[in-house]
Amino acid sequence: MAPPTVSLSFPKGHAVTDIAFSGGLFINNEYIEGEGGKTIDVHDPSTGKVIAKVSEASSKDVDLAVDAAERAFNTVWGEKVPGHERGRLLGLLATAFEENIDTIASIESQDNGKAYTFAKGFDVTEAAKCLRYYAGWADKHHGKTVEVDESKLAYTRNEPIGVVGQIIPWNFPILMFAWKIGPALATGNTIVIKIAETTPLSGLFVTRLIKEIFPPGVVNVVTGYGNITGAAISSHMRIGKVAFTGSTAVGREIMKSAAASNLKSVTLELGGKSPNIIFDDADIEQAVSWSTFGLFFNHGQCCCAGSRVYVQDGVYDRFMESLHKKVKSLKVGDPFASDTFQGPQTSQLQHDRIMEHIRVGKEEGATVLEGGERHGKDGYFIQPTIFTDVTPDMRIVKEEIFGPVVVVSRFKDDKDIVAMANDSMYGLAAAVFSRDVSRALTTAHALKAGTVWVNCYNQLNSQMPFGGYKQSGIGRELGEYALANYTAVKAVHVNLTAQAPI
């Protein structure tokens, strides 16, 4: 049987009307159905209705993808292709993203639920920038000549690992796709990437662009469930590295599988419960605007979301009055409406998890200043929610909610706040708002977080590394740092004049 076809329609008057593409597994530049013809239903989170079916990959399908990736690495990629050519092809893919930006963003909005304005202006735009950034690195990631002594020439080589596995989440499907494949391709690896089963459509669409640019087998894209397809990738004996973005709990399972199989190297970008600190000398209106964006952007479905806000006593009342007003002004609704800030949560499962946290927050005695209920009757919409009067032991303060829910606490002095902010098993991100640069930087340096923003939030750039301390992950995405994730360093010693010791 042929693999399923995805056919999507968009609102009347939208930049894109209809689009159709394969929902099959993309292996060796061909579309195939999964073993046994199994499929996965894909839902529109605005309505909850099924909008497409895509093929489900089994462990045997992962084997086929690894076979294709191995052949490609040994024949048409890896060290068979010079860096400048890898960079040229990555640049072409970046251009193809830009040329198809309306289509990719429309698919992303319908499949994921995020506002089209953000899908186009941030997700796809930044994905193209990321690919272009790594295109520039492809012929510049060099080894070194190392001075030892005059009897020896010593140098290192940065070599590709080979076949790498990648598993990406559902909250930023196309952006995470670019974050993963960019450095892996630039360094000469071939890829088997699992896209999220709840939001697979943008990733499947861009395989059309990949097919036009890259040789067969260089990039292989599979869709499936984590306990089957993801497990097959993380435990595969012929995959030399696995990179995962998702929850801390699943990250632990990935590490176990990697260790129990071939001890493959692992990069993990995991959860967060990021503190956002507002000092009494901050520009309050700017702090409110950035704090709102820092939590409610992407419907709160950000691993680095500023979900714990700490406000100093002297400005607490003023800050809360302004924050309440700002949050009430956020437009929740149709992702394709030009004034929508927050669309639906991505799935019924995620909606229910968030609502359970809200229920628990109420039961534990926190005050709901705003929101606290679902929004509307259809789809997976939730009201932007503010909790106050919280204590450090409450679940809504300790656990990652991954939704439009912020908890606000007050603090007295600088020493108190560093301890409060660091009181978390996570360490992905943090923010500090202050007009005093010494105060801001002293605090930033004391925070146990992989990224700290000063007087802003959620500012990400391809040039800057991203990753966490503690249980927020291992390794770094983005920047030059990400190249090391996909590189094997070889030391070469060449004897020039030394005599054998025996």
Worksheet item: Would the Tyr116 and His14 ring centres measure less than 6.0 Å apart?
Response: yes

Worksheet entry | Face-on cation placement of Lys470 at Tyr426 ring, 6.0 Å and 45° thresholds | no

Worksheet entry | Greater than 12 external heavy atoms within 6.0 Å of Lys448's NZ | no

Worksheet item: Should we say atom CE of Met464 is surrounded by more than 12 heavy atoms from elsewhere, each under 6.0 Å from it?
Response: no

Worksheet item: Where is the tightest heavy-atom contact between Ser247 and Leu270, given as atom of each residue plus distance?
Response: O-CD2, 3.4 Å

Worksheet item: Does Gln350 offer a backbone N or O that forms a donor-acceptor pair with the side chain of Ser347 under 3.5 Å?
Response: yes

Worksheet item: Are Arg86 and Asp139 close enough for a salt bridge, meaning some N to O gap below 4.0 Å?
Response: no

Item to complete: Output the distance between atom CD (Gln463) and atom NZ (Lys129), rounded to the nearest 0.5 Å.
Response: 8.5 Å

Worksheet item: With Phe97, which residues qualify under ring pair (Phe, Tyr, Trp, His ring centres under 6.0 Å), at least two apart?
Response: none

Worksheet entry | Trp170 ring center near Phe402 ring center (under 6.0 Å) | yes

Discussion item. Around atom CE of Met394, are there more than 12 heavy atoms from other residues, nucleotides or ligands closer than 6.0 Å?
Written reply: yes

Worksheet item: When you look at Lys256 and Glu253, which way does the salt bridge (charged side-chain N to carboxylate O under 4.0 Å, His left out) test go after all the steps?
Response: CA-CA 5 Å; Lys256 290 177 184 177; Glu253 297 304 313; 3.4 Å; yes

Discussion item. Assess, by modelled atom type and distance only, whether the side chains of Gln471 and Arg252 contain a donor and an acceptor separated by less than 3.5 Å.
Written reply: yes

Discussion item. Whether the His236 and Ser261 side chains hold a donor-acceptor pair (N or O, under 3.5 Å, no angle test) is what I'd like checked.
Written reply: no

Discussion item. Can you confirm whether Leu64 sits close enough to Val66 that some side-chain heavy atom of one is under 4.5 Å from a side-chain heavy atom of the other?
Written reply: no

Fill in: Donor-acceptor under 3.5 Å (Asn28 side chain, Glu30 main chain)
no

Worksheet item: Does the side chain of Tyr380 pick up a donor-acceptor pair with the side chain of Asp44 at under 3.5 Å?
Response: no

Item to complete: Would you give the length of the straight line joining atom CD of Glu99 to atom OG1 of Thr95, rounded to the nearest 0.5 angstrom?
Response: 6.0 Å

Worksheet item: Is the Phe26 to Tyr31 ring centre distance short of 6.0 Å?
Response: yes

Discussion item. Is there a side-chain contact between Leu478 and Cys130 in this structure, where contact means two heavy atoms from C-beta onward sitting under 4.5 Å apart?
Written reply: yes

Worksheet item: Does the pair Thr5 and Ser7 meet the rule for a side chain to side chain contact (heavy atoms under 4.5 Å, CB included), with working shown?
Response: CA-CA 6 Å; Thr5 296; Ser7 298; 4.1 Å; yes

Worksheet item: Once the angle between the rings of Trp77 and Phe214 is folded into 0 to 90°, is it parallel (under 30°), tilted (30 to 60°) or perpendicular (over 60°)?
Response: perpendicular

Worksheet, complete the sentence: Minimal heavy-atom distance between His299 and Gly113, with the atoms involved, is CE1-O, 3.1 Å

Item to complete: May I ask you to decide if the ring planes of Tyr133 and Trp137 are parallel, tilted or perpendicular, using 30° and 60° as cut-offs?
Response: perpendicular

Worksheet entry | Value rounded to 0.5 Å, distance of OH in Tyr486 from CG in Asn158 | 15.5 Å

Worksheet entry | Carboxylate-amine/guanidinium contact Arg88 Glu85, below 4.0 Å | yes

Discussion item. Quick one, Val405 and Ile354 - any side-chain contact, counting heavy atoms below 4.5 Å?
Written reply: yes

Worksheet item: Which pairs, with at least one residue in residues 107-118 and sequence neighbours excluded, count as a salt bridge (charged side-chain N to carboxylate O under 4.0 Å, His left out)?
Response: Lys114-Asp123

Item to complete: Using a 4.5 Å cut-off on heavy atoms from C-beta on, say whether the side chain of Met176 contacts that of Pro169.
Response: yes

Discussion item. Checking the side chain of Asn220 only, and the main-chain atoms of Ile27 only, is there a donor and an acceptor separated by less than 3.5 Å?
Written reply: no

Worksheet item: Roughly how far, to the nearest 0.5 Å, is OH of Tyr134 from CG of Leu93?
Response: 15.0 Å

Fill in: Any donor-acceptor N or O pair under 3.5 Å, side chains Lys12, Thr17
no

Discussion item. Counting C-beta onward and ignoring hydrogens, is there a side-chain heavy-atom pair between Thr39 and Val54 closer than 4.5 Å?
Written reply: no

Worksheet item: Should the pair Glu159-Lys490 be classified as a salt bridge under the 4.0 Å nitrogen-to-oxygen rule?
Response: yes

Item to complete: Look up atom OG1 in Thr267 and atom CD in Gln166, then write down how far apart they are to the nearest 0.5 Å.
Response: 9.5 Å

Worksheet item: Between Arg132 and Glu98, is there a salt bridge with N-O shorter than 4.0 Å?
Response: yes

Practice prompt. Find the distance between CG (Asn189) and CD1 (Ile239) and round it off to the nearest 0.5 Å.
Written response: 11.5 Å

Worksheet item: When the aromatic ring centroids of Trp179 and Phe172 are compared, is their separation below 6.0 Å?
Response: no

Item to complete: For Asp61 and Ser58, test the side chains for any donor-to-acceptor distance below 3.5 angstrom and give the result as yes or no.
Response: yes

Item to complete: Check whether any side-chain heavy atom of Asn100 lies under 4.5 Å from a side-chain heavy atom of Arg208, and answer yes or no.
Response: no

Worksheet item: Do Asp352 and Gln348 have side-chain atoms, one donor and one acceptor, less than 3.5 Å apart?
Response: yes

Worksheet item: Taking the six-membered ring for Trp, are Phe293 and Tyr457 ring centroids under 6.0 Å apart?
Response: no

Item to complete: Would you check, one step at a time, whether the test side chain to side chain contact (heavy atoms under 4.5 Å, CB included) holds for Thr47 with Asp378?
Response: CA-CA 5 Å; Thr47 64; Asp378 298 322; 5.7 Å; no

Discussion item. Looking at Arg157 and Glu79, is there a salt bridge between them, counting it only when a charged N and a carboxylate O are closer than 4.0 Å?
Written reply: yes

Item to complete: Would you indicate whether the side-chain heavy atoms of Phe177 and Ile193 approach each other to under 4.5 Å?
Response: yes

Practice prompt. Ignoring hydrogens and angles, state whether a donor on the side chain of His141 or Thr187 is under 3.5 Å from an acceptor on the partner side chain.
Written response: no

Discussion item. Quick check against the 3.5 Å criterion: does Thr385 have a side-chain atom that pairs as donor or acceptor with the backbone of Gln383?
Written reply: yes

Discussion item. Distance alone, cut at 3.5 Å: any donor-acceptor contact between the side chains of Asp18 and Ser9?
Written reply: yes

Discussion item. Measuring only between side-chain heavy atoms, which start at C-beta, is Leu268 closer than 4.5 Å to Ile254?
Written reply: yes

Discussion item. Do the side chains of Arg238 and Glu70 get close enough for a salt bridge, i.e. N-O under 4.0 angstrom?
Written reply: yes

Worksheet item: Are Gln301 and Thr346 close enough that a side-chain donor and a side-chain acceptor fall under 3.5 Å?
Response: yes

Discussion item. Under the side-chain contact (heavy atoms from CB on, under 4.5 Å) test against Thr190, which residue among Val76, Val163, Val164 passes?
Written reply: Val163

Discussion item. Between Lys60 and Glu35, does the salt bridge (charged side-chain N to carboxylate O under 4.0 Å, His left out) criterion hold? Intermediate values first, please.
Written reply: CA-CA 7 Å; Lys60 290 184 179 179; Glu35 182 188 20; 3.6 Å; yes

Worksheet item: Is there any salt bridge (charged side-chain N to carboxylate O under 4.0 Å, His left out) pair reaching into residues 173-195, and which pairs are they, with sequence neighbours excluded?
Response: Lys180-Glu477, Lys194-Glu197

Worksheet item: Are the aromatic ring centres of Phe466 and Tyr481 under 6.0 angstrom apart?
Response: no

Item to complete: Using a cut-off of 6.0 Å, state whether more than 12 heavy atoms not belonging to Lys144 lie near its atom NZ.
Response: no

Worksheet item: Counting only heavy atoms not in Lys49, do more than 12 sit closer than 6.0 Å to its NZ atom?
Response: no

